2 protein chains.
Amino acid sequence: MTSEHSARPTISDVAAEAGVGRSTAARTLGGYGYASEEVRERVLAAAERIGYRANALARSVSTGVSHTLGLIVADLANPFFGGVARGISDASRERGFDTLVLSTHEDLAEEVAATNVLIDKRVDGIIVASAALEAGAAGHIEQARSSGIPVVLVDRAVPGLDIDAVVIDNRAAARDAVAHLVAAGHRRIGFVWGPPLAERPRRRRDLVGVGTGNQWTDGERLQGYLDALDDEGLAFDVELVMVGAKTEENAQAEVARMLELPEPPTALFCTENDAMTGSLRALRNAGSRVGETMSLIGFDDSSWAAVMEPPLSMIEQPTLALGAKAAEVLFATIDAGSRGGAPELHTLETRFIARASVAPPNVN
Amino acid sequence: MTSEHSARPTISDVAAEAGVGRSTAARTLGGYGYASEEVRERVLAAAERIGYRANALARSVSTGVSHTLGLIVADLANPFFGGVARGISDASRERGFDTLVLSTHEDLAEEVAATNVLIDKRVDGIIVASAALEAGAAGHIEQARSSGIPVVLVDRAVPGLDIDAVVIDNRAAARDAVAHLVAAGHRRIGFVWGPPLAERPRRRRDLVGVGTGNQWTDGERLQGYLDALDDEGLAFDVELVMVGAKTEENAQAEVARMLELPEPPTALFCTENDAMTGSLRALRNAGSRVGETMSLIGFDDSSWAAVMEPPLSMIEQPTLALGAKAAEVLFATIDAGSRGGAPELHTLETRFIARASVAPPNVN
DNA sequence: CTGTTAGCGCATTCAA
DNA sequence: TTGAATGCGCTAACAG
């Protein structure tokens, strides 16, 4: 463990090179404490000369601050999380913070492990889109906080967990979207994708609680769908709700099934992009024409949605803004010294983008 | 700076709690050196009891290993980089490494800053999709290496820089795609998007060198386009190459322009998704029908491309694999002790997905 | 097997 | 203003 030839120069090296004491060098290099102008210049020159770069790790051990944030999401390859990550990254970089990003593949055990990694690496704050459905499953989050690490939830608030969260109102967004369909004259509206239902519910009552009481985005969107039916006095039909695996294939299969119903839906509300593409495949196979025999609304606008024929009506989520806001809230907590009043739920606005995929039901 | 009440327990605390010396506790907790079974259990129990978690930062200062990788990309919100990041993240997590991700917005100055941050935080390796066009502009990368940090390039190899790189063969992929169009009978093929050309080239010679000698993806794709024309003995027409800003709007404008030509293109090769959506907008406005009056091939397959009407032929990039491979190469270098033979260029396969957007030119 | 003693690189107090 | 001395939490030779 002797210093190797390619060893990076330390403060001691700079001090020697400049002919001053370690602490003096440390002070000017660290930007704290006093130092005469002359000495300062000498030290800076020496540092430059030997290519000195402060060891941020050693500094962190000493100060207790790492200038690093932790981000835990299900999947970085998902454009939604990519946007959130970018928003966080941009906002934190302005404050000289960097971000350690961990993917959990929607697995709670991996999320717990990720949290421990971040605690071990002494990040100054954590932003997490948790897979925990209830406070009881969020012990790792409580643990991080009790370790003194501020935490902010993003995208998904965990019910019962008193922590700041930055989300969108999935329920309201879904309700509005479905209301749009109803306003266009639709009475039978299919719900594609949603909280994983192992088997087909027998009646509406079976759905109560699925999305209630938690902010799990799927559940919220289902509740919004139900809200809209209630608002408009429409009957709920279990046959119009997708069940089973959340895959594009199953979405396609479920929509195909709905199209075979005695009274098929005249419109579909898709809660994710894969639900939308699966639906489109089923519609194409069945010869159903979007915007004519079938109206469509999807979630998460994409540049592709606008160039579809016809263009698809979509709900746009402010991904960058979600990340930026989460970072802002986190920094506020950090600045406040690990405590800043009662936890708040910050709700960002979604935007409904009306395009030609919604039309009056085709009665032929 | 006295230890606060919520101070996290250290090895000393565990040692005290277990009634053993610090080093003994350290050895069992750190998983190195000897310790009797009895003592080991006592220490582990004590650690568990007081909620001890090792300070990874302190450990890193001591060992010189941070178990952290650095990733530098232009934009995490770009699904391509999101996929690469996910691939790296998954591969490195298996080895107990985490990833610090920095976005540079395609700005070289930001990239230099990002590199310095990673050097300062003592990452064990860096993977970068550099914005540097030549070795001369990659001093920061050389600096990282001379600091003893292994570096692997991903997506873009920097010409003249002797460093391992993991890329796809953009030139060959583009050539193949254009060859497909030629095989279908097309003679006038538009090139949408590409290396930023300030003004319209007057003749083909003006394009020589634009993509040659560097692996800048745009340039490579343009060269592949030219290769295909040569292979097939087709004439090059400057009017069929897009110029100006790389935005969806400009792509739309440029395609609109091409459609007004005396001899408009019968097919378009789009090098990015925004180029494709811009093209589609222009085609729709002009009443041109994809797969009939206009054939199309794009880059970066998406689930959307398959559900377009007609489905679009696309070149698929193995984003996850690019990341995984880059991590693999990086770890090999790390394991080899910062040196492992001559730098290699690892080229991953792209896949051409033939769909209905390519058809024989419509002669009407 | 165990504890003592040094470091790692930087921050910070305090006397000079 | 400066430098010596100590500490942060951990690793790691080294004796016992």
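Just so we're on the same page: letters track the sequence lines, and every chain starts at 1. Small disclaimer: the values here were computed from a predicted structure and weren't measured.
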Whole-Å gap separating [atom2] ([N]) and [atom1] ([X]):
X	N	atom1	atom2	result
B/Arg42	C/dC1	CZ	C1'	13 Å
A/His67	C/dC10	NE2	P	15 Å
B/Arg122	D/dT11	CZ	C1'	18 Å
B/Glu38	C/dT2	CD	C1'	13 Å
A/Leu57	C/dA11	CG	C1'	15 Å
A/Tyr32	D/dT2	OH	P	14 Å
B/Asp120	C/dC10	CG	P	10 Å

Hits for side-chain hydrogen bond (donor to acceptor under 3.5 Å, both in side chains) against B/Thr115, two or more places apart or cross-chain, chain-then-number order -> none
Residues in contact with DNA chain C, drawn from residues 47-55 of chain A - heavy-atom cutoff 4.0 Å: A/Tyr52, A/Ala54, A/Asn55
Please list, chain by chain and in numerical order, all residues satisfying ring-ring contact (aromatic ring centres under 6.0 Å, His included) with B/His346, sequence neighbours excluded. none
Residues which pass ring-ring contact (aromatic ring centres under 6.0 Å, His included) with A/Phe80, listed by chain and number, not counting sequence neighbours: none
Just jot down the salt bridge (Lys or Arg N to Asp or Glu O under 4.0 Å) partners of [X], sequence neighbours excluded, or say none.
X	answer
A/Asp124	none
A/Glu38	A/Arg42
B/Arg86	A/Asp75, B/Asp90

Any idea which of [options] is nearest the [X] side chain?
X	options	result
B/Tyr34	C/dC1, C/dC10, D/dT11	C/dC1
B/Ala58	D/dC10, D/dT2, C/dC10	D/dC10
A/Val61	C/dA11, C/dG9, C/dT2	C/dG9
B/Ser36	C/dG9, C/dT2, C/dA11	C/dT2

Listed pairs, N/O of protein and of nucleotides 3-6 of chain D, under 3.5 Å:
{"residue": "D/dG3", "atom": "OP2", "partner": "A/Gly21", "partner atom": "N", "Å": "3.0"}
{"residue": "D/dG3", "atom": "OP2", "partner": "A/Thr24", "partner atom": "OG1", "Å": "2.5"}
{"residue": "D/dG3", "atom": "N7", "partner": "A/Ser23", "partner atom": "OG", "Å": "3.4"}
{"residue": "D/dG3", "atom": "N7", "partner": "A/Arg27", "partner atom": "NH1", "Å": "3.4"}
{"residue": "D/dG3", "atom": "N7", "partner": "A/Arg27", "partner atom": "NH2", "Å": "3.2"}
{"residue": "D/dG3", "atom": "O6", "partner": "A/Arg27", "partner atom": "NH1", "Å": "2.9"}
{"residue": "D/dA4", "atom": "N7", "partner": "A/Ser23", "partner atom": "OG", "Å": "3.0"}
{"residue": "D/dA4", "atom": "N6", "partner": "A/Ser23", "partner atom": "OG", "Å": "3.0"}

Keeping the roles fixed (side chain from A/Ser62, backbone from A/Ala58), state whether a donor-acceptor pair exists under 3.5 Å. no
Has the side chain of A/Ser66 got a donor or acceptor atom that lies under 3.5 Å from a matching backbone atom of A/Arg122? yes
Sequence neighbours left out, what passes side-chain contact (heavy atoms from CB on, under 4.5 Å) with B/Arg59? Give chain and number order. B/Ala54, B/Thr63
Once side-chain contact (heavy atoms from CB on, under 4.5 Å) is applied, do any residues pair with A/Tyr32, and if so which ones, sequence neighbours excluded? A/Ala26, A/Arg27
Pairs involving residues 99-119 of chain B, ordered by first then second residue, that meet salt bridge (charged side-chain N to carboxylate O under 4.0 Å, His left out) (sequence neighbours left out): B/Glu106-B/Arg156
Please name the residue in the list B/Leu71, B/Thr68, B/Leu102 that meets the side chain to side chain contact (heavy atoms under 4.5 Å, CB included) test with B/Leu118. B/Leu102
Axis-to-axis angle across the helix from C/dC1-D/dG16 to C/dA16-D/dT1, five pairs an end, to 10 degrees? 40°
Return yes if the base of C/dG7 and the side-chain atoms of B/Ser62 contain a donor-acceptor N/O pair under 3.5 Å, otherwise no. yes
Using a heavy-atom cut-off of 4.0 Å across all strands, would you classify B/Ala26 as base, sugar-phosphate, or nothing? base
